[in-house]
Amino acid sequence: MQTYTHASLPQAAALLEKDKYTFSVLSRILQGTCELIMTDHERLVICYSQSPFPVWIWMPEDASEAEMERAWQILCAEFPYGEGFRYCARSDFAQYVMRRAEAQGETLAVEKNLLAYHCPEPVPPGRRAEGCLCTASMDELKLATAWEGEMRRECGAEILPDDSIRAELTELIEKKQLFIWKNGGCTAMCYVRINGNVATFSCVYTRPQARRRGYAASMIYEVSKALRRQGLMPALYTDADYAASNACYMQVGFQPKGSLCILVKRA
C-alpha cells in the first residue's frame with residue numbers, strides 16, 4: 001500500500017472505471033486535495049478527504065474475504081470508528097465491516113443506504129410542470145445558498161458553513177452548472193458536477209410551498225436531456241429508503257447501477 005497525505009491522486013480514479021457511477025463522487029474527490037489516500041494501485045482505494053465527510057473505500061465487486069479483511073485492518077489502524085470516522089463503501093463490504101465490529105463487541109449502524117443511478121436516455125415526465133429551466137445567475141446566489149443549507153438539514157447531510165456553500169455555488173454558476181426552475185418565481189434548483197464524461201447531480205431541491213407539482217422531475221429531465229446532447233452521462237445518488245425520490249428519478253429515465261452504505265458507530 002502507498003500512502004499520500006494532503007494530496008490529490010487522479011490516477012487512482014482510473015481504477016474506478018467499471019464503477020464510475022457508483023463511485024462517481026469518490027472519483028471526483030480524488031481529483032482534489034485529500035487529507036489521506038491509501039491504495040495498492042490495483043484493487044483497493046481508501047480515501048479521506050476531510051472532516052466531516054466519510055472515509056470512502058473502493059474495491060472491485062469480486063473482492064475476496066482476505067481483501068476485505070485487509071481493508072478492515074487498515075480502517076481500524078488509520079480511521080478507527082471509535083474516533084468518530086464514518087465509512088462509505090459498497091454494500092457487501094459494509095456488511096463485512098459490521099460483522100467484524102460486532103465480533104469486537106461494537107455496533108456499527110447504517111446511517112444511510114444509497115442507490116447510484118445513470119440516465120442513458122432521458123424520458124419526458126408524465127406531467128410536465130409549468131414554467132421553464134434557467135441557468136442560474138449571480139442574482140440567485142443568496143437564494144441557492146439558503147436552499148442548499150435547508151436541503152442538507154432536511155436530509156441529514158453534513159452541515160457546511162454558508163461561506164463554504166456560497167464559494168462552491170459561485171463556481172458552479174460561473175461554469176453554468178447550477179440550474180433553477182422558474183414559474184413566476186424560483187421553485188426548484190439543482191446542480192451538477194462534471195468529472196470526465198459523468199455529470200453527477202447534487203442538491204435537487206424544491207421549496208416546500210411548491211412541492212408535489214412535478215417541478216423536480218421536469219427540471220431533472222430537461223437538465224439530463226441537455227447533458228446528453230453534450231455527450232455527458234447524467235448520474236445521481238438517492239436515499240434507497242425514500243421510495244418517492246427513487247420513483248421520481250426512474251420516471252424520467254434513470255436506471256440503478258449500484259448501491260452504497262454509509263456506516264457510523266451507534267451511540
E69 with R100: basic N within carboxylate O range, under 4.0 Å: yes
Ion pair check, E222 and K225, cut-off under 4.0 Å: yes
Interatomic spacing from CE in M189 to SG in C134 - rounded to 0.5 Å: 14.5 Å
M250, CE: over 12 other non-hydrogen atoms inside 6.0 angstrom: no
Donor-acceptor contact below 3.5 Å, side chain Q31 vs main chain S27: yes
Basic-acidic side-chain contact under 4.0 Å: K20, E17: yes
Greater than 12 external heavy atoms within 6.0 Å of Q73's CD: yes
Any side-chain heavy-atom pair of V198 and L232 under 4.5 Å: no
Separation between NZ of K265 and OG1 of T107, rounded to the nearest 0.5 Å: 9.0 Å
Plane angle bin for Y205 and W147 - parallel if under 30°, tilted between 30 and 60°, otherwise perpendicular: tilted
Y48 and F85 aromatic centres sub-6.0 Å: yes
More than 12 heavy atoms of other groups within 6.0 Å of Q209 CD: yes
side-chain contact (heavy atoms from CB on, under 4.5 Å) partners for T39, two or more places apart: Y4, L9, L15, H41, V45
side-chain contact (heavy atoms from CB on, under 4.5 Å) between E106 and Y81, intermediate numbers included: CA-CA 10 Å; E106 300 282 0; Y81 54 82; 3.3 Å; yes
S202 and R193: CA distance, side-chain angles, deciding distance, side chain to side chain donor-acceptor pair (under 3.5 Å) verdict: CA-CA 8 Å; S202 291; R193 296 186 179 100; 3.0 Å; yes
Electrostatic pair E154-R211, nearest N-O below 4.0 angstrom: yes
N183 side chain to C132 backbone, donor-acceptor under 3.5 Å: no
R127 side-chain N/O to R213 backbone N/O, donor-acceptor pair under 3.5 Å: yes
Sidechain-backbone polar pair: R128 side chain, G131 backbone, donor-acceptor under 3.5 Å: yes
Interatomic distance, D162 atom CG to T145 atom OG1 [nearest 0.5 angstrom]: 6.5 Å
Any donor-acceptor N or O pair under 3.5 Å, side chains Q251, Y221: no
Separation of C248 SG from I220 CD1 (nearest 0.5 Å): 7.0 Å
Check: S8 side chain, L30 main-chain N or O, donor-acceptor pair, under 3.5 Å: no
R166 side chain to T170 backbone, donor-acceptor under 3.5 Å: no
Salt bridge flag under 4.0 Å for residues R43 and D62: yes
Nearest atoms (heavy-atom pairs only) where W181 meets A129: CZ2-O, 3.7 Å
Closest contact, heavy atoms only, E67 versus S64: OE1-N, 2.8 Å
CD/Q11: more than 12 non-hydrogen atoms of other groups inside 6.0 Å: yes
Backbone of F23 reached by a side-chain donor or acceptor of D19 within 3.5 Å: no
Min side-chain heavy-atom separation M38-E78 under 4.5 Å: yes
Under-4.0 Å salt bridge between E111 and R266: no
Sub-4.5 Å side-chain heavy-atom contact between C190 and M219: yes
Reported CZ-to-CE distance for the pair R153 and M151, which is rounded to 0.5 angstrom: 10.5 Å
Hydrophobic cluster membership, I46 vs F53, 4.5 Å side-chain cutoff: no
Pairwise side-chain contact, I74 with M1, heavy-atom cut-off 4.5 Å (strictly under): yes
Distance-only donor-acceptor check, side chains E130 and Y215, under 3.5 Å: no
L108 vs V264 side-chain heavy atoms within contact, under 4.5 Å: no
Heavy-atom pair with the smallest gap, counting every atom of S24 and T200: OG-OG1, 3.3 Å
A136: side-chain contact (heavy atoms from CB on, under 4.5 Å) partners, not counting sequence neighbours: E140, I173, L178, I180
Trace of the side-chain contact (heavy atoms from CB on, under 4.5 Å) decision for S245 with D239: CA-CA 8 Å; S245 175; D239 183 340; over 6 Å; no
Flag, side chain of Y87 to backbone of F79, donor-acceptor distance under 3.5 Å: yes
Non-hydrogen side-chain atoms of C261 and L114 separated by less than 4.5 Å: no
Verify same cluster id: I37, I57 (apolar side-chain graph, 4.5 Å): no
Step-by-step side-chain contact (heavy atoms from CB on, under 4.5 Å) determination, M98 to L263: CA-CA 8 Å; M98 287 191 288; L263 299 181; 3.9 Å; yes
In one Ile/Leu/Val/Met/Phe/Trp/Tyr side-chain cluster, 4.5 Å: Y242, I262: no
Point-to-point distance, once rounded to the nearest 0.5 Å, from NZ of K112 to OH of Y237: 13.0 Å
hydrophobic_cluster_shared for L227 and M233, side chain cutoff 4.5 Å: no
Polar side-chain atom of Q177 near backbone of Y191 as donor-acceptor pair, under 3.5 Å: no
Residues S259, S91; criterion side chain to side chain donor-acceptor pair (under 3.5 Å); working and verdict: CA-CA 6 Å; S259 61; S91 300; 2.9 Å; yes
pair D40-R70: side-chain heavy atoms closer than 4.5 Å: yes
side-chain contact (heavy atoms from CB on, under 4.5 Å) between W56 and I29, intermediate numbers included: CA-CA 10 Å; W56 282 80; I29 289 171; 3.6 Å; yes
Any side-chain heavy-atom pair of N113 and L115 under 4.5 Å: no
Parallel, tilted or perpendicular, as decided by the 30° and 60° cut-offs, for the rings of F201 and F254: perpendicular
Hydrophobic cluster membership, Y96 vs V55, 4.5 Å side-chain cutoff: yes
Y117 side chain vs P234 backbone, donor-acceptor pair below 3.5 Å: no
Closest non-hydrogen atom pair between G258 and T22, with its separation: CA-OG1, 3.5 Å
Distance-only donor-acceptor check, side chains Y21 and Q255, under 3.5 Å: no
Stepwise salt bridge (Lys or Arg N to Asp or Glu O under 4.0 Å) check, E61 with K257: CA-CA 13 Å; E61 283 189 305; K257 289 295 289 183; over 6 Å; no
